[in-house]
Amino acid sequence: MIKKIGIVSLSSGVFGESFVEHEIKIGLDRLNKLGVEIEFLPNSLKGIDFLKNHPEARADDLLLAFEDDTIDMILCAIGGEDTYRLAPYLFEGDRLKNIVKQKLFLGFSDSTINHFMLNKLGIKTFYGQAFLTDVCELSDNMLAYTEKYFLELIKTGKIKEIHPSEVWYEEREDYSEKAIGIEMKSHTNTGFELLRGNPIFSGKILGGCIESIYDMLDNSLFEDTVKNCSKYDLFPSLEAWENQILLIETSQEKIKPDLYRKMILALKDYGIFDKLSGILVGKPQNEIYYEEYKSILLEEITNKIDLPIVYNINIGHSTPRCIIPFGAEAEVNVSRQTISFNY
């Protein structure tokens, strides 16, 4: 059982703004009832402006969280868009390498880049949830499917197997105090969908939000993302992707199909699809562009026509969310509707 969680703001500083205080209280109450001690790392609550202007402060918090042996789990407060800017403050002088050790790390969205940073150093991480988005859910309880995996992780330190959620939810538009106790509208979920290839395949999983992955290969969002990520070799070499499984999911931006195609083509040009043993694709938020994204995947991933592609995983920006281990041996079995992990 995890005894102490350290919460970090490695991307946006929204966690330190007054308009989320009611959400934080809900999350703290839930964790306290589980008997888990919470520590906010020193810079995590300093707000949007400070953290935007001080990536070194965000990096310091991550270093401290790894260095502090009383912290069993590092939990990202929320995502954002520029955590790549932490790289110099983590990798120059081997600062992160010199103190990093295997402990639980959980986050998603822009935290995709943090997962790649830790993967570079051989650290196994967990993708799919964050404190503000999941533990602080405004409904009377955490979403049942989300809670199941969160509790499994903090009680056992592992995720043994995931399966599809029976429902998916329309995302909230109101996160104010007025929304406390209001349930989200739910719809029946259809389960893991095999778009192509063998229904059973295996490999270690790595990936995350496709926009964040694309930023490592393209400067469309910021002019220095590729330079920064290339300098520290954050995106694995082609050889490192051999027989691995790529996870991709789309953000709340609900990117238009033309841009989604561009992102898939960037990965194709890199050569990654020639190496993989399979691809897992998260459910798009609110199922926007659900069919369009499917068509693009099938149209553009053609250089390895038997490469398995599994769609509609409950991960990332569509609620509810499971948790997927990065770095553990995984077996995907679409026939059984399971993804199981061996540590």
Side-chain angles (χ1 to χ4, degrees), residues 23 26-27 30 78-79 106 108-109 112 127-153 159 161-176 178-196 199 207-211 247-257 259-261 263-264 279-298 308-324 332-339:
E23 296 179 74
I26 289 171
R30 286 178 179 147
I78 196 169
L106 177 62
F108 77 106
S109 193
T112 295
Y127 187 87
Q129 297 182 11
F131 180 67
L132 198 58
T133 54
D134 296 285
V135 182
C136 302
E137 163 59 37
L138 292 175
S139 301
D140 288 336
N141 300 289
M142 284 182 67
L143 302 178
Y145 180 86
T146 300
E147 183 180 47
K148 165 182 162 56
Y149 294 105
F150 183 77
L151 291 179
E152 180 180 358
L153 183 60
I159 300 295
E161 184 174 273
I162 66 170
H163 53 82
S165 173
E166 294 182 357
V167 299
W168 64 271
Y169 299 93
E170 294 183 19
E171 298 301 314
R172 292 185 182 279
E173 296 181 0
D174 180 8
Y175 287 88
S176 72
K178 295 178 181 178
I180 294 175
I182 296 177
E183 304 293 322
M184 291 187 287
K185 185 177 179 180
S186 65
H187 302 267
T188 301
N189 190 43
T190 54
F192 302 157
E193 182 178 351
L194 183 66
L195 302 188
R196 174 190 290 162
C209 181
I210 192 170
E211 290 100 314
L247 168 69
I248 52 175
E249 54 94 9
T250 45
S251 77
Q252 75 282 356
E253 297 297 325
K254 306 176 185 67
I255 56 174
K256 292 183 178 180
L259 181 53
Y260 187 78
R261 187 184 300 274
M263 292 178 176
I264 294 298
I279 303 172
L280 302 176
V281 186
K283 176 191 283 292
Q285 190 178 91
N286 289 358
E287 292 200 341
I288 302 297
Y289 300 129
Y290 187 95
E291 295 297 332
E292 290 88 341
Y293 292 166
K294 278 170 54 175
S295 297
I296 290 167
L297 291 165
L298 290 171
I309 305 173
V310 181
Y311 200 69
N312 199 40
I313 311 293
N314 299 108
I315 191 72
H317 289 80
S318 180
T319 46
R321 292 180 261 268
C322 67
I323 294 172
I324 289 183
V332 180
N333 189 322
V334 183
S335 302
R336 290 181 52 223
Q337 292 282 290
T338 60
I339 305 173

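Quantities reported herein were computed from a predicted structural model and do not represent experimental measurements. Both backbone and side-chain heavy atoms feed into the values below; hydrogens, waters and symmetry mates do not.
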Check: Does some side-chain heavy atom of Ile210 sit less than 4.5 Å from a side-chain heavy atom of Val281?
Finding: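 Result no, sub-4.5 Å side-chain heavy-atom pair not found.
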
**Prompt:** Just wondering, do Glu152 and Ile323 contact through their side chains at under 4.5 Å, heavy atoms?
**Reply:** no

Enclosure of Lys256 NZ (heavy-atom neighbours >12, cutoff 6.0 Å):
no

[X]: ring-ring contact (aromatic ring centres under 6.0 Å, His included) partners, not counting sequence neighbours:
X	value
Phe131	Phe15
Tyr175	none
Tyr289	Tyr293

side-chain contact (heavy atoms from CB on, under 4.5 Å) involving [X] - partner list, sequence neighbours excluded:
X	result
Cys322	Tyr145, Tyr149, Ile162, Ile315, Ile324
Arg261	Leu265, Ile296, Glu299, Glu300
Ile182	Arg172

Counting only N and O atoms by type, is there a donor-acceptor contact under 3.5 Å from the side chain of [X] to the main-chain atoms of [Y]?
X	Y	answer
Gln129	Thr146	yes
Tyr127	Gly316	no
Lys294	Glu292	no
Ser318	Asn314	no
Gln252	His317	no
Asn189	Ser165	yes

Would you please test Glu161 and Arg336 for salt bridge (Lys or Arg N to Asp or Glu O under 4.0 Å) and show each step?
CA-CA 11 Å; Glu161 184 174 273; Arg336 290 181 52 223; 3.7 Å; yes

Exercise. Going by the angle between their ring planes, with limits at 30° and 60°, are Trp168 and His187 parallel, tilted or perpendicular?
Worked result: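 Rings of Trp168 and His187: parallel, under 30°.
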
Run the side-chain hydrogen bond (donor to acceptor under 3.5 Å, both in side chains) test against [X] and tell me which residues pass, sequence neighbours left out.
X	value
Asn286	none
Gln337	none
Glu171	Thr319
Thr250	none

- Please collect all salt bridge (Lys or Arg N to Asp or Glu O under 4.0 Å) contacts where either partner lies in residues 309-320, sequence neighbours excluded, each pair once.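 Listed by first then second residue: nothing to list.
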
Donor on one side chain, acceptor on other, Ser251 and Glu253, under 3.5 Å:
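No, Glu253 and Ser251 have no side-chain donor paired with an acceptor closer than 3.5 Å.
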
- Message: Could you check whether Glu147 pairs with Arg30 (Lys NZ or Arg NE/NH1/NH2 to Asp/Glu carboxylate O, under 4.0 Å)?
- Response: no

(Q) According to salt bridge (Lys or Arg N to Asp or Glu O under 4.0 Å), who are the partners of Glu166, at least two apart in sequence or on a separate chain? (A)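 For Glu166, no residue satisfies salt bridge (Lys or Arg N to Asp or Glu O under 4.0 Å) once neighbours in sequence are set aside.
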
